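Lettering follows sequence order; numbering is per chain, from 1. Everything quoted here is computed from the prediction, not taken from an experiment.
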Amino acid sequence: MPNLSKSFPQVNGLDLQSLPKNLEFKEVEGRLQKKWSDAGTYQYRENDSRPVFAVDTPPPTVSGSLHVGHIFSYTQTDILARYQRMKGKNVFYPMGWDDNGLPTERRVQNFFHIRCDASVPYEAGLDLPPILSTMTEKELEAKKIPQRSLSRRNFIEHCHKLTVEDEKLFKKLWSDIGLSVDWNLEYATIDENSRRIAQLSFLDLFQKKEMVQVEAPTLWDTDFQTAVAQAELEDREIPGAFHDVEFKVEGGGSFVIATTRPELLPACVGIATHPTDERYRALIGKTAISPLFGARIPIFASELVNPEKGTGILMVCTFGDQTDVQWWREQKLALRQIIGRDGRLQPVTFGSEGFPSVDPVSANENYEKIKGKTVKQAQKLVVELLQASGALKAPPKPIQHAVKFYEKGDRPVEIMTTRQWFVKLVDKKDKIIEFGSKVQWHPEFMYSRFKNWTENLSIDWCVSRQRFFGVSIPVWYPLDERGMVDHSRPLVPSKEQLPVDPMTDVPAGYREEQRGKAGGFIGEADVFDTWFTSSLTPQLGSQWELNPSRHKKIFPMDMRPQSHEIIRTWAFYTIAKAMLHEEKIPWKHIMISGWVLDPDRKKMSKSKGNVVTPAQFIDEFGADSVRYWAGLARYGVDTAFDPGVMKIGRRLAMKLFNAGKFVLSNSAVEGTVTEPLDLAFLSKLKVQAEAAARSFEEFEPAQALMEMEKFFWSNFTDTYLELVKSRTWGDKTGVEALQKKASAVHASRFGLRVFLRAFAPFLPYTTEEVWGFDFGGEGSVHLTSFPSAGDFEGIPEGKTVSFDAAMAALSAINHQKTLSKVSIARPVTRLVLKAAPISQEALLPVLSDVLGATKVEHLDWELDSGAALNEFSVIAVEYGPDQKA
RNA sequence: GCGAGCAUAGCUCAGCGGUAGAGCACUACCUUCACACGGUAGGGGUCACAGGUUCAAAUCCUGUUGCUCGCACCA
């Protein structure tokens, strides 16, 4: 059916001299970035009937520096986004900046050498230079220059000032690496839209009574002086010691407890032992007297006590750990808060109502010595006092133990009673797990981390932070006639008012003059946990509550890329929020990227000093090469950083560039692909293209890249292009020669188009550059479609076995030339080839191409039915004269 | 303590029931007219270990060891 065959128009080959000699990636990258930006190549089209593919891009924490890990995971996301765009999707691919929160505050403090103090008045127009531009950190330290105190508003202004600068650097890098982000969709988690939607989220949860304000024991970081959430804790192994402390029992007797926190002795409110422990059974129900402070303390039994641990009997303090909180609630024990918000022991008076003592005088004498000290100092002093009093029964036994820290903090977290806002999650753990299971996890096993974490969740999500640079909690509290705050009746704004800052805005029904006055109101000073906003990234993009039609199109999003260490925070909270708000999942797929490890397979971290910055590698190898390295890694698998892989990427880009030039330099008359080798090649290419698309659909682009690269290299450049050279070389005359040449030229050009489109998601610069040499009239390669079987319609199927035969025969003859130590270009006057008859049959249709490429003038066969299919061996060879001679 | 992942050539990694793979590195050869940031070929592995299932196991199952990671406990 030759009439149905796809016909290709006449081609005028490009003049190789007019094309660049080498791929100058720096120049190409700059030029193409501008081209894409000017043309709006990657724009999301709001009013468009194409199906949407929405990416929930992670807003990076703007902390001043990026490392190769960022490039790695963001590029992997970009590769998928580019694929989807080429599949005809209207890609929604935003970029956000997570610019509020503690890391930013800390960085701003150091950068400008400032601190926030709410009592300082606002100074209009204050614009401080970065301290480090005038002084080194060492000088600062040596001169002991104190941080300058700034009003809250001035402080926030400086936060904005620095983050804007940082964002520029990030944006430059994202552009350089070729992210196909739509920069019209840029947002920041502190911008007005984000604040509005975060506060809408608050209102929704508040109305649903899932957002509650509670005064309760809370995890507290004494350095940052803020409440923190369970998800932000981490264990650290630190040295400690068991101290054996003797307690007297009222009515006679004594027992010894082992504690690692003797400094909490003044906060001891109970003694617990296991109900079946014979050693202490007689004590249950009696009252103990604490050493040094003489407090009367109830002794009770609890299954939670491990008789094997310590001495099998322990003291309950307010609060040493989470179990203390549980015992305190169950046993309705007294509350004796001795550690203040700053981590120092606050003043208390023994003999007063809260702190009873059988000997208040010596209790206060003892407490006086530790009052105002840090926890660490107090511990040392208490041990000395215990020793002096004889209550310390043995020298401290040093141990290494895991202690909970706020992940960004330097001292262990304390548990103390404060008033905070919580999102109720513990009561719906099962449902959250169920919603999490509806999301497709890549790789699948990462779901178990989510499940594991959710199952073990024990504290509701504390979302209030006693910080400054964040989204305000949109609440005011009325003040009664005496000026006392009434927390039980929070005043919330209406949706239309949002976003509000309760410190400057006024609740409905009040006037600004009533702020802080009896009968008036006060604003909530706290801000939200940054995760409270970040957990809404899909809704920030879809304009939830603000733009219902857009929300409907974009939400749930298609995919969320992120790293595994924030499954328990970002992924977890986002799933929980979508469930609480709309009973939906936030996205269909979640892609968990691996970590980039240093060459010694250690995690890169600032403290280890093994962080590698990406810019130098983009400079050295080109963006496409760095992308190649990222694209080759599978999801969820940690990868050792290896610039060697980038070198390979560069090799591929170069090869694509050169092969492209070569293919495009050939001319051809109008015609169809007719030659058996050409048809066989295209048939193989079709199979490969389909496999690549399949890998993408399975979220395994690395597989697609690997296979396509291998095929491109071995089948296309090393085999096919070599084999057709004899047909395309020089000026051909005669209808048949021209037609055979046209077949090869059309097939190789067609093949090149397939390769360029298949590599486009990975190597956007190189593919676009080569595309532009001759196909540029059709616009950007990135707006074409990803190769599919449909492209091959009208091209007859070829015999792939013939292609394989040609490849094998070529290899066998080349092998012989290598053994003979002659040039591959050396003519062969006679060759005897041994092969099975089936192999001969396979080779015959493409024989002329093989003989042409190997310069064999005369071939004789030696048939051997014992040989395997396409097993060719050279039996005899006679070389012609060396042409260079 | 519970859970997850990984273990394949010197290195980085594919393969995940049917004769051990790629690239790098290494060796030899080829100044070949798209590409020396090339090309052609070559050497190199009892697929961590021990059992089991199977006609057949790097691949499936069980156990062991080692390395990562997550969670819990942390008096």
Side-chain angles (χ1 to χ4, degrees), chain A residues 16 19 21-23 235 237 240 242-243 245 257-261 264 271-273 304-306 309-317 320-324 327 399-404 443 445-458 564-565 567-568 594-595 597 599 601-603 621-622 625 629 632-634 636-645 647-648 650-666 702-703 706-707 709-710 713-714 717-718 721-722 725 729-730 810-811 813-826 855 883-884:
Chain A
L16 276 182
L19 295 176
K21 171 94 177 84
N22 291 316
L23 177 56
D235 283 353
E237 284 280 337
F242 268 120
H243 303 81
V245 179
I257 59 133
T259 178
T260 56
R261 300 205 60 183
L264 288 179
I271 297 289
T273 185
L304 294 175
V305 178
N306 177 1
K309 207 154 186 177
T311 56
I313 186 162
L314 61 94
M315 66 173 184
V316 177
C317 308
D321 62 29
Q322 208 56 46
T323 332
D324 281 352
W327 280 317
I399 53 161
Q400 279 290 121
H401 61 160
V403 176
K404 292 212 181 303
F445 67 76
M446 287 295 179
Y447 169 67
S448 67
R449 295 220 184 162
F450 168 83
K451 189 164 177 250
N452 200 203
W453 167 260
T454 312
E455 279 166 351
N456 284 308
L457 190 72
S458 59
H564 49 66
E565 79 268 25
I567 289 176
R568 68 181 192 177
W595 272 339
L597 307 173
R601 305 210 67 88
K602 297 269 180 333
K603 193 194 165 188
F621 298 106
S625 311
W629 162 71
L632 215 46
R634 276 146 70 238
V637 176
D638 295 346
T639 305
F641 179 70
D642 183 6
V645 179
K647 238 168 102 180
I648 314 308
R650 185 177 59 185
R651 212 170 73 103
L652 175 62
M654 295 284 183
K655 192 76 174 178
L656 193 55
F657 176 82
N658 283 309
K661 282 201 308 183
F662 174 60
V663 167
L664 296 173
S665 70
N666 289 315
Q703 186 73 23
M706 226 158 0
E707 288 179 1
E709 179 191 15
K710 194 177 171 190
W713 213 281
S714 69
T717 64
D718 290 352
L721 289 184
E722 292 303 325
K725 271 180 179 170
W729 268 345
L810 179 66
S811 176
I813 298 167
N814 282 339
H815 187 191
Q816 184 57 47
K817 284 181 174 175
T818 300
L819 288 178
S820 310
K821 302 196 175 187
V822 302
S823 157
I824 297 299
R826 185 77 168 264
K855 305 203 171 177
Q883 288 188 320
K884 74 185 169 190

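- Across all strands, A:Thr639 comes closer than 4.0 Å only to sugar-phosphate atoms, never to a base (heavy-atom distances).
- Comparing the P positions of B:U68 and B:A50 gives a spacing of 24 Å, expressed to the nearest Å.
- The side chain of A:Arg449 lies closest to B:C69 when the candidates are B:G23, B:A4, B:C69.
- Across all strands shown, A:Thr259 has heavy atoms under 4.0 Å from sugar-phosphate atoms exclusively, and none from any base.
- Of the listed nucleotides (B:U32, B:A34, B:C24), B:A34 has the atom at the smallest distance from the side chain of A:Lys661.
- Side chain of A:Asn814, nearest nucleotide from B:C24, B:A34, B:A41: B:A41.
- At the heavy-atom level, A:Ser811 lies under 4.0 Å from the strands shown only through sugar-phosphate atoms.
- Toward the 5' end of RNA chain B, the nearer of the two residues A:Leu721 and A:His815, judged by each one's closest nucleotide, is A:Leu721.
- When distances are taken from the side chain of A:Ser448 to each of B:A4, B:C73, B:G15, the shortest belongs to B:A4.
- Nucleic acid contact for A:Ile824: base, since at least one base atom lies under 4.0 Å from a heavy atom of the residue.
- Within the 4.0 angstrom heavy-atom criterion, only backbone atoms of the sugar-phosphate kind lie near A:Asp718; the bases stay farther away.
- Residue A:Val316 is out of contact with every strand shown, counting any heavy-atom pair closer than 4.0 Å.
- Taking only side-chain atoms of A:Trp729, from C-beta outward, the nucleotide of B:C33, B:U40, B:A14 with the closest atom is B:C33.
- Side-chain proximity of A:Lys655 to the nucleotides B:A34, B:U68, B:C24 is greatest for B:A34.
- A:Ala640 comes within contact range of the sugar-phosphate backbone alone, with a heavy-atom separation under 4.0 Å but no base atom that close.
- B:C24 and B:G44 are spaced 14 Å apart, taking the C1' atom of each and rounding to whole Å.
- B:U62 sits 25 Å from B:C71 when the C1' atoms are compared, rounded to a whole Å.
- Heavy atoms of A:Arg650 sit under 4.0 angstrom from at least one base atom.
- Donor-acceptor pairing under 3.5 Å, judged by distance alone, is absent between the side chain of A:Asn452 and the base of B:G3.
- A cation-pi arrangement is present between A:Lys725 and A:Phe662, with the terminal nitrogen or guanidinium carbon under 6.0 Å from the aromatic centre and inside a 45° cone about the axis.
- For A:Arg634, taking side-chain heavy atoms from C-beta onward, the closest of the listed nucleotides B:G39, B:C13, B:G70 is B:C13.
- In the interface, the side chain of A:Glu722 is paired with the base of B:A34 through a donor and an acceptor atom under 3.5 Å apart.
- A:Phe242 comes within 4.0 angstrom of the backbone, heavy atoms only, and of no base.
- Residue contacts for A:Lys821: at a heavy-atom cut-off of 4.0 Å it reaches the sugar-phosphate backbone alone, with no base atom in range.
- Nucleic acid contact for A:Thr717: base, since at least one base atom lies under 4.0 Å from a heavy atom of the residue.
- Among the heavy atoms of the strands, none lies under 4.0 Å from A:Lys451.
- For B:C73, its base sits under 3.5 Å from the side chain of A:Asp235 at one donor and acceptor pair at least.
- Pairing each heavy atom of A:Ala258 with each of A:Phe242, the nearest pair is CB-CD2, 3.7 Å.
- Residue-level contact check: A:Trp713 touches the backbone only, with heavy atoms under 4.0 Å from sugar-phosphate atoms and none from bases.
- Residue-level contact check: A:Met315 touches neither bases nor backbone, having no heavy atom under 4.0 Å from any strand.
- The listed nucleotides are B:C73, B:U68, B:A25; the one nearest the side chain of A:Lys404 is B:C73.
- Applying the Watson-Crick and G-U wobble criteria (two distances, each under 3.5 Å), B:G5 pairs with B:C67.
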